[in-house]
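Below: the structure, in structure tokens.
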Amino acid sequence: MSRSFVPRRSVLRGALGAGALAAAAGPLAACAPGSSGSEPRKLTGTPSASAKGEITIWNRSGDLFKVFDAAIDAFRKAYPDIKVNHQAVDIDAKLANTLISGTDLPDGSFWDDAKIGGQAEHLYDLTDLIAPYRDRTSAYKLSVNTVGGRIYGVPWDLDPGLLWYREDLLEDAGVDPAGLKTYDDLLAAARSLREKNPKARPLHMEKDPFLGQLWLEMLAGQQGTSLADADGQVRLDSKEYRNVLNWVRDAVDDDLVTHAEYLKQADLAALENGQQALVPWAVWWSFAPQQLLKKGKGKWRAAPLPAWTPGGARSGAMGGSSFIIPAKAKNPELAWLLYEFLCFKEPGYSAVYGPSEVYPGGLTTSVPSYGPARRPDKPLFEPVAALGGQDLWKVAVDAADTIPSAAPIPAWWAKSVDYLGNNLQRLIEGKMSPDDVIDDSTKKIQRNLVDRA
């Protein structure tokens, strides 16, 4: 979520980076720090509006830090006796080790959903505090913040998957975007685009193994599954993953695929010259037409993802972040007040997502996980001129409402890219079959990651 989208990519890579997760490795049981097997530390009470004190809050540097900095100013007005030290920190390099050591901890921090499960023993159990908001919060977002039935992260954003398409190219090829209801429909549309332009390879498929696996998880998540179940056991060998991998194989076999790294030079060139016209990707792809594309600016649109079966879910999540409160924080109750304000209260969530100096039209690269903040009739960001004035807010929040729940993300997820992410690349290159990808990846993840956890 940065004007330079390379940092956004770095954020996602850092979210699951092998080095950080290696430092975070450990059992998923939720225990108080230093007391294996005991009950987790709980936060159960909310301070009054007259609360006083000082808190240190960590966020990543960049434009998102500036967005939160402005939102924290709104919090200061609501709670004038709470001093907030808002610090830009390399969270991926620092937070996991700081939680383990228990020294120089912040009172709260931005963190990726992928880290929650692996560090639950060092975090406050927030289940009781989130209870009043639980029924109105995305089931998916709650599930990835839950370990052993307890919630350890304050759910913030949702990154719903959407189908991005070039409206002009589809119209020229006689393809109605409203008719792209299943992934078979999407392949048919790609064939029509190639018939119109023999040089077209309309479907984007990701060449970066990490982002490719994240994309694969989005497509699997549409079907209500994920790489690991709630107990951290691998479940790649399934009908749902075969649906995705067989579809990838069919697209490759029909020569419908542009295999390029996300928004690198080759990818941008293929988007600009009309070679690519269909991009199933997260809502944060909206940055491309707004900041990077010139010829295609104003021509791209967003729609729900196709479904894997008629009537199935039309979106899945691709990425996501939450807020955590370390179990050894000095003022955890005050940190909770801040995160409650930003995620569940007005004017907090409007201050985050609404127009700001950083994003004059509002923050368009995700939507809130809290339902009342995600009303289609009360948009927090404005229609996007680079999408021809499309109301991206409504498209994104409607998609977010369909995301199925999931299991906590296992601590070994990033390391599994060495197996599944790389094997997905071999499938796209025609060097492996779907069954080969499943069999080889499952065996190596089980042997090298799960059994060694």
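Between R60 and D90, no side-chain nitrogen of the basic residue sits less than 4.0 Å from a carboxylate oxygen of the acidic one, so the salt-bridge criterion is not met. Ion pairing of E167 with R301 is present here, as a side-chain N (NZ or NE/NH1/NH2) and a carboxylate O approach within less than 4.0 Å.
With a 6.0 Å radius and a threshold of 12 heavy atoms from other residues, nucleotides or ligands, E171 has its CD atom at or below the threshold. Around CG of D104, the count of heavy atoms belonging to other residues, nucleotides or ligands within 6.0 Å does not exceed 12.
The six-membered or imidazole ring of W58 lies away from that of W111, with a centre-to-centre distance of 6.0 Å or more.
A donor-acceptor contact shorter than 3.5 Å is absent between the side chain of D112 and the backbone of K115. A donor-acceptor pair is defined here as one N or O able to donate and one able to accept, closer than 3.5 Å; such a pair exists between the side chain of S286 and the backbone of T364.
When every heavy atom of T365 is checked against every heavy atom of W284, the shortest pair comes out as O-CB, 3.5 Å. For A396 against V283, the heavy-atom pair with the smallest separation is CB-CG2, 4.1 Å. Residues Y241 and L216 come closest through the heavy atom pair CE2-CG, 4.1 Å. Nearest heavy atoms, G161 versus S315: O-OG, 2.9 Å. Residue G421 comes nearest to Q213 through the heavy atom pair N-OE1, 2.9 Å, listed as atom of the first residue, atom of the second, then distance.
Neither side chain, E206 nor H259, offers a donor N or O lying under 3.5 Å from an acceptor on the other. Donor-acceptor pairing under 3.5 Å is recorded for the side chains of N145 and S322. Checked by atom type, the side-chain pair N331/E54 shows no donor-acceptor distance below 3.5 Å.
Sorted by first then second residue, the side-chain hydrogen bond (donor to acceptor under 3.5 Å, both in side chains) pairs that include residues 268-277, not counting sequence neighbours, are H204-Q276, T258-Q275, D267-Q276.
In this view, D377 and R375 satisfy the salt bridge (Lys or Arg N to Asp or Glu O under 4.0 Å) rule, not counting sequence neighbours. Under the salt bridge (Lys or Arg N to Asp or Glu O under 4.0 Å) criterion, R314 pairs with no residue, sequence neighbours left out. In this view, D107 satisfies the salt bridge (Lys or Arg N to Asp or Glu O under 4.0 Å) rule with no residue, not counting sequence neighbours. Residues meeting the side chain to side chain contact (heavy atoms under 4.5 Å, CB included) test with A303, sequence neighbours left out: Y165. In this structure R76 satisfies the salt bridge (Lys or Arg N to Asp or Glu O under 4.0 Å) test together with D73, sequence neighbours excluded.
Classification of the F323-W156 ring pair by plane angle, with boundaries at 30° and 60°, yields tilted. Aromatic ring orientation, W308 versus W247: perpendicular (interplanar angle above 60°, classes split at 30° and 60°).
Contact of the I324 side chain with the L126 side chain is not registered, since no non-hydrogen atoms from C-beta on lie closer than 4.5 Å.
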